[in-house]
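Structure first, commentary second.
Position 1 is the first residue of the sequence; numbering continues from there. One-based numbering, in listed order, for ligands and for the atoms of each.
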Amino acid sequence: MLSVSGAACKGGPEMAARIVGSGSYLPPHTVANCDLESVVDTSDEWIVQRTGIRERHLLDEHELPSDMGVVAGRRALEAAGCVAGDIDFLLVATTFPDMTCPGTAPFVARELGTGDAPFFDLTAGCTGFVYGLAVAEGLLASGLAQCVLLVGSEALSRVTDWNDRRTCVLFGDGAGAVVLRSGPAGTGVLGVSVHGDPEKALLLHMPAGGARQPASHATVDARQHFLQMEGSGVFRSAVPLMERALERALAKAGLTLTEVDWVIPHQANQRIIDALARRLGVSPDRVIANVDRVANTSAASIPIALDEAMRQGRIKPGDVVAMTAFGAGVTYGAAIVRM
Ligand code: UT7
């Protein structure tokens, strides 16, 4: 949460994309590792040792990604001292929307009351929020928008195969959001760098439900509407890709890691977070991690971690935060932001 004066919400001639408020939402229903022991052949010990995850929040039957996005969005608007009518562009980073068509964004827009402001879903897997920062920066710099609401909202529990112990222990649901406005140069997004490796497209995918394999009785019977992941392949790629993106974003920002106060990596696995910190030579107390409580919330993971750290007073206004992520696609990217 970052609160700024109302003046910051009136825009201006400056060009930097500044985060002026953040919010997040986790569904109240939590599921501990031991609860999963009766669902699949797993154990609390295995999950903690291999992932660092202890519990995750899951949506109730009647909740939707848009519902979570609306709460996170409202909290971000409140922190920014803005109202929904100030938003002139809404971006929703998500992997599995309310409806395949028209997505999640229109439902968030309708419930928030953003009027005729444009909106769209941004699908870049777990890198969705960082991709969203790049898009928001471009929208603000071009003058196409003056006030962007960027939401990451994910309900991967809806596409998790609860018979597959290799994936079902990993994911959680939740949403995070930030409001971005133009601010003075040297504040906000100092450098952002986004990338892809399409050769790795099938490392994490859902085989059916798209044009390649439309839904049919056969695809349902074959359990092809769930996420399938080559976990160790993703694991091996994650650290070098996040490191590469971070180096490029730092170069764009004209900064070195020693000038960064906090690193927020995508929260997929504590072992990946620790390996990244070691490789970067960053002390663990400068790395924000909440994967133990929220598990992997995909595109929502960084904005949730950011918002929690802001509200806890760990990250303070003026701090430089390096965010880095990787995900399905394979996508990867990083952003250096002065809060
Ligand atoms: O946001 C991006 C999306 N995904 C990720 O970031 C995930 C990245 N990958 C990972 O985090 C790790 O690869 C996993 C946590 C998914 C797996 O950890 P691992 O150390 O790579 O384990 P593994 O896949 O090599 O499996 C080791 C063993 C296997 O048994 P065998 O073949 O050695 O007998 C698995 O069947 O662990 C078994 N296993 C489990 N055992 C108990 C896999 N899942 C479980 C489980 N409980 N939940």
Taking CG in D60 as the centre, count heavy atoms belonging to other residues, nucleotides or ligands within less than 6.0 Å. Is the count above 12? yes

Any protein N/O atoms within less than 3.5 Å of an N/O atom in ligand 1? List the atom names and distances, or say none.
| residue | atom | partner | partner atom | Å |
| --- | --- | --- | --- | --- |
| ligand 1 | 1 (O) | H266 | NE2 | 2.9 |
| ligand 1 | 1 (O) | N296 | ND2 | 2.8 |
| ligand 1 | 9 (N) | G231 | O | 3.0 |
| ligand 1 | 11 (O) | N269 | ND2 | 2.7 |
| ligand 1 | 13 (O) | G231 | O | 3.2 |
| ligand 1 | 20 (O) | R50 | NH1 | 2.8 |
| ligand 1 | 20 (O) | R271 | NH1 | 3.3 |
| ligand 1 | 20 (O) | R271 | NH2 | 3.4 |
| ligand 1 | 22 (O) | R50 | NH1 | 3.3 |
| ligand 1 | 36 (O) | R165 | NH2 | 3.0 |
| ligand 1 | 37 (O) | W46 | NE1 | 3.3 |
| ligand 1 | 41 (N) | W46 | NE1 | 3.4 |
| ligand 1 | 41 (N) | R165 | NH1 | 3.4 |
| ligand 1 | 47 (N) | T42 | OG1 | 2.7 |
| ligand 1 | 48 (N) | T42 | OG1 | 3.1 |
| ligand 1 | 48 (N) | R165 | O | 2.8 |

*Side-chain donor-acceptor pair under 3.5 Å between T297 and E154, yes or no?*
no

Donor-acceptor pair between R56 and N296 side chains, under 3.5 angstrom: no

Please test E308 against R293 for salt bridge (Lys or Arg N to Asp or Glu O under 4.0 Å), starting from the C-alpha separation and ending with a verdict. CA-CA 12 Å; E308 288 185 353; R293 288 183 292 106; 2.6 Å; yes

- Answer yes or no: does atom CZ of R54 have more than 12 heavy-atom neighbours from other residues, nucleotides or ligands under 6.0 Å? no

Side chain to side chain contact (heavy atoms under 4.5 Å, CB included) test vs L122 passes for just one of V92, T94, V135, namely V135

